[in-house]
Amino acid sequence: MHTVDEIVERMSGQGLRITDQRKTLARLFADTPGYLAPKDIYEYMGKTYSGLSFDTVYRNLRVMEELGVLEQVMFEEGVKFKLHCKDHDHHHHMICLQCGHTIPVSYCPMDQIPVPEKFKVVRHKFEVFGYCEECSLQESASEGQ
């Protein structure tokens, strides 16, 4: 897991000015193992920073994602963010829909997709959603009751 200092160092190393709000965001993501919705982050930040706008929170999330500090994933209920995986460069994920546990996948399916000659791929995402072993076992146990 990333520490607050590692997150702040990564942001400053990418040229991002480190404000109290960004340190608070770093602390929130360091303390949260799963995904966070922008609305939840805004509500958390609003407790400390009165007058903070949702746009400011979202803009910081986008900047942190562009710098590779955060990863953005589109769930059915909307976009969520989590810390960028520490030990992986280009990779994809298997994500548990129940608990949010994420397993990095180093295989890239783009290598198997025929891209038309006149199409330039600039980025791609590939996430697989399902249930981890623990959540599947819990579901099976509750069905048997």
Side-chain angles (χ1 to χ4, degrees), residues 1-4 6-49 51-140 142-143:
M1 187 54 59
H2 296 274
T3 66
V4 174
E6 288 173 330
I7 299 166
V8 168
E9 183 179 315
R10 183 152 190 188
M11 288 190 294
S12 66
Q14 295 285 336
L16 193 61
R17 190 168 59 89
I18 305 303
T19 63
D20 283 341
Q21 290 177 7
R22 289 180 177 150
K23 284 181 187 174
T24 301
L25 275 174
R27 194 172 307 108
L28 174 62
F29 280 101
D31 293 342
T32 306
Y35 294 87
L36 295 167
K39 180 180 174 269
D40 298 329
I41 297 165
Y42 169 69
E43 289 172 2
Y44 173 84
M45 297 289 289
K47 294 174 186 172
T48 306
Y49 304 99
L52 181 69
S53 74
F54 181 79
D55 286 344
T56 299
V57 170
Y58 199 78
R59 193 169 31 255
N60 273 299
L61 293 171
R62 297 295 302 159
V63 166
M64 291 170 73
E65 190 256 340
E66 288 169 10
L67 293 176
V69 175
L70 299 179
E71 293 182 7
Q72 172 186 304
V73 174
M74 181 61 79
F75 287 81
E76 286 182 8
E77 63 272 14
V79 68
K80 292 185 180 183
F81 294 86
K82 77 171 195 73
L83 277 179
H84 192 279
C85 296
K86 192 173 188 174
D87 299 326
H88 302 279
D89 289 323
H90 179 77
H91 65 285
H92 302 284
H93 302 109
M94 289 188 187
I95 303 167
C96 179
L97 291 167
Q98 181 74 28
C99 70
H101 178 72
T102 302
I103 302 165
V105 177
S106 57
Y107 169 77
C108 181
M110 276 303 296
D111 298 336
Q112 305 300 313
I113 297 173
V115 177
E117 214 176 286
K118 295 181 180 181
F119 187 84
K120 179 182 177 184
V121 176
V122 293
R123 69 178 171 269
H124 66 276
K125 289 189 175 241
F126 179 75
E127 275 84 28
V128 178
F129 296 93
Y131 296 97
C132 68
E133 182 179 11
E134 187 174 318
C135 290
S136 292
L137 290 173
Q138 287 175 0
E139 181 68 26
S140 296
S142 66
E143 288 175 0

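Everything numeric in this text was worked out from a predicted model, so none of it was measured.
Pairing each heavy atom of Phe54 with each of Tyr42, the nearest pair is N-CE1, 3.4 Å. Residues Thr32 and Leu28 come closest through the heavy atom pair OG1-O, 2.7 Å. Minimum heavy-atom separation, Val57 to Pro38: CG1-O, 4.4 Å. Lys82 approaches Gly34 most closely through the heavy-atom pair CB-O, 3.5 Å. Pairing each heavy atom of Ala30 with each of Thr3, the nearest pair is CB-C, 4.2 Å.
Under a 4.0 Å N-O distance rule, the pair Glu43/Lys39 qualifies as a salt bridge.
Crowding of Glu134 atom CD: a count of heavy atoms from other residues, nucleotides or ligands under 6.0 Å not exceeding 12. The neighbour count for Glu77 CD, taken as heavy atoms of other residues, nucleotides or ligands under 6.0 Å away, is above 12. Within a 6.0 Å radius of CE in Met110, more than 12 heavy atoms belonging to other residues, nucleotides or ligands are found.
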**Request:** Could you check His93 against His101 for ring-ring contact (aromatic ring centres under 6.0 Å, His included), going step by step and ending with a plain yes or no?
**Result:** CA-CA 10 Å; His93 302 109; His101 178 72; over 10 Å; no

**Message:** Assess the residue pair Phe126 and Ile113 against the criterion (side chain to side chain contact (heavy atoms under 4.5 Å, CB included)); give the C-alpha distance rounded to whole Å, side-chain angles, the decisive distance to 0.1 Å, and a yes or no.
**Reply:** CA-CA 12 Å; Phe126 179 75; Ile113 297 173; over 6 Å; no

**Message:** Please evaluate residues Val128 and Ile95 with respect to the criterion side chain to side chain contact (heavy atoms under 4.5 Å, CB included), reporting the C-alpha separation (whole Å), side-chain torsions for both, the decisive distance (0.1 Å), and the verdict.
**Reply:** CA-CA 6 Å; Val128 178; Ile95 303 167; over 6 Å; no

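Here OG of Ser53 is found 6.0 Å from CZ of Arg59. Values are rounded to the nearest 0.5 Å. Taking OH from Tyr35 and CZ from Phe29, the interatomic distance works out to 11.5 Å, rounded to the nearest 0.5 Å. To the nearest 0.5 angstrom, Met11 atom CE is 6.0 Å from Leu16 atom CG. Atom SG of Cys96 is separated from atom CD of Glu133 by 11.5 Å, given to the nearest 0.5 angstrom. Atom-to-atom distance recorded for Ile41:CD1 and Leu61:CG is 4.5 Å, nearest 0.5 angstrom. Residue Met64 holds its CE atom at 6.5 Å from CD1 of Ile7, rounded to the nearest 0.5 Å.
Annotation: side chain of Leu36 is not in contact with side chain of Phe81 (no heavy-atom distance under 4.5 Å). Residues Glu127 and Val73 meet the side-chain proximity criterion, which asks for heavy atoms closer than 4.5 Å. At least one side-chain heavy atom of Arg27 sits under 4.5 Å from a side-chain heavy atom of Val4.
Taking the six-membered ring where the residue is Trp, His124 and His92 present tilted rings, their angle falling between 30° and 60°.
Judged by distance alone, the side chain of Asn60 and the main-chain N or O of Thr56 form a donor-acceptor pair under 3.5 Å. A distance-only check finds a donor-acceptor pair linking the side chain of Lys125 to the backbone of Gln72 [under 3.5 Å]. Distance alone, capped at 3.5 Å, places no donor-acceptor pair between the Ser106 side chain and the Pro104 backbone. Between the side chain of Tyr49 and the backbone N or O of Asp20, at least one donor-acceptor pair lies under 3.5 Å. A donor-acceptor pair under 3.5 Å is formed between the side chain of Arg10 and the backbone N or O of Gly68.
Ring to ring, Phe129 and Phe75 are close: their centroids are under 6.0 angstrom apart.
The only option from Thr24, Leu25, Thr19 that meets the side chain to side chain contact (heavy atoms under 4.5 Å, CB included) definition with Gln21 turns out to be Thr19.
Applying the salt bridge (Lys or Arg N to Asp or Glu O under 4.0 Å) criterion to Lys23, with sequence neighbours excluded, gives no partner residue.
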